Amino acid sequence: MRLNVLVLPGDGIGVEVTREAVRVLRHAAARWRHDLALSEALLGGIAIHKTGSPLPGETLRLASEADATLMGAVGLPEFDNAPPEKRPEKGLLGLRQALGVYANLRPVRAHASQLDSSPLKNHLVEGADMIIVRELTGGLYYGVPRGITEDGAETRAVNTMTYTRSEIERVARVAFRLAQARRKKVTSVDKSNVLENSQLWRRVVTEVAREYPDVALDHMLVDNCAMQLILNPRRFDIVLTENMFGDILSDEGAVLAGSIGMLPSASIGDRRPSGAWVGLYEPVHGSAPDIAGQNKANPLGAIGSVAAMLEYSFGLKEEASAVDAAIDAVLSSGKVTADLRPSGAPATTEQVGQAVCAAIG
Ligand code: IPM
Ligand code: MG
């Protein structure tokens with residue numbers, strides 16, 4: 001099979017974790033004799049430095065032509081005080097919107113060998129295994145009006161949380177279909193006791209649920225969900241929620257997995273005319289400029305994102321399972337980076353990537 005993949009390393013540790021993810025992708029392609037065509041482009045802070053824009057036209061063009069895009073992370077401290085339009089994050093948000101990847105899948109799993117990496121008690125995290133399905137192209141991140149109107153003491157800042165019925169329906173269907181292949185349970189998370197936006201969300205999700213009678217649906221308020229994720233994470237199978245809530249809850253979920261460096265993600269849109277699903281794959285973590293360039297960032301979230309790419313964009317289930325199994329094997333072997341608090345000396349980013357390749361065989 002021909003795998004036409006665009007790589008966007010981005011900023012900070014994005015560069016080094018993506019290098020290891022690409023190592024694993026090359027290895028898997030060679031092992032199963034796929035024809036891998038890689039291209040690379042600029043996104044985020046590095047793109048602002050080199051072109052003046054966080055999402056150059058060339059990057060957008062290459063992303064719309066690729067079968068799948070693998071991204072590292074974006075964000076650099078020198079842009080912390082820049083206006084939203086001139087920030088690295090704007091590049092990522094623009095890319096998600098341009099590709100139309102409205103469903104962001106963030107699997108959260110407590111690996112048996114890594115229970116001690118979580119600050120939570122083992123008996124709480126053990127067996128936790130969920131996918132957070134985060135709506136990715138709507139809500140507060142994109143709603144208008146938005147902006148700051150300067151007026152002395154009356155200076156106002158506005159953001160708008162907006163969803164349409166069709167935006168809720170399409171991401172809900174992704175969640176229910178995923179649930180059908182798992183433990184058949186969707187928990188929809190909202191703030192319907194306060195927000196009209198959440199009232200519509202709850203109403204539409206309840207209607208969509210009727211199309212999936214084999215899946216059980218429950219609703220949870222987001223504040224309670226934040227608590228239940230820690231108190232009783234095993235109760236969750238699929239967590240379905242809007243953009244901002246999903247951003248926050250998925251970082252909390254990282255505590256169950258031992259480190260945010262562990263979490264992969266897949267952002268999926270509609271099918272292209274060719275039949276391929278549009279997909280953007282990125283670890284959940286940020287660019288971590290404080291540890292960038294030190295060869296100590298955890299590449300497993302990025303490598304897990306390659307597994308997700310093989311599965312969702314290319315339908316290569318055997319290859320995807322082999323990468324996931326190799327990640328498990330490396331975790332069990334104890335060859336892990338410092339964020340997972342290994343008992344011995346921590347492994348480097350590069351050593352972990354090499355170990356995953358070796359485990360694939
Ligand atoms: C994430 C990140 C991004 C987001 C940032 C970098 C814009 O936090 O993917 O979770 O908020 O979506
Ligand atoms: Mg986030």
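Everything quoted here is computed from the prediction, not taken from an experiment. Atoms within a ligand are numbered from 1 in the order they appear, just like the ligands themselves.
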Are Ile46 and Leu76 connected in the hydrophobic side-chain network, where two residues link if heavy atoms are under 4.5 Å apart?
-> no
State whether the shortest distance between N or O atoms of Asp251 and N or O atoms of ligand 1 falls below 3.5 angstrom.
-> no
Heavy-atom closest pair (Val186 atom, Ala175 atom, distance to 0.1 Å) is CG2-O, 4.0 Å
Evaluate the ring planes of Tyr163 and Trp201, with Trp represented by its six-membered ring, and classify them as parallel (under 30°), tilted (30 to 60°) or perpendicular (over 60°).
-> perpendicular
Can you pull out the closest protein heavy atom to atom 4 (C) of ligand 1? Residue, atom name and distance to 0.1 Å, please.
-> Tyr141 OH, 3.5 Å
Same cluster or not: are Leu280 and Leu178 linked, directly or through other Ile, Leu, Val, Met, Phe, Trp or Tyr residues, by side-chain heavy atoms under 4.5 angstrom apart?
-> no
Among protein heavy atoms, which lies nearest atom 10 (O) of ligand 1, and at what distance?
-> Asp247 OD1, 2.8 Å
Nearest to the Mg ion (ligand 2) - the N/O/S atom of Asp247, by atom name | OD1
For atom 7 (C) of ligand 1, state which one of Met71, Arg106, Glu89, Arg134 supplies the nearest heavy atom.
-> Glu89
Is there a donor-acceptor contact under 3.5 Å linking the side chains of Asp214 and Gln180?
-> yes
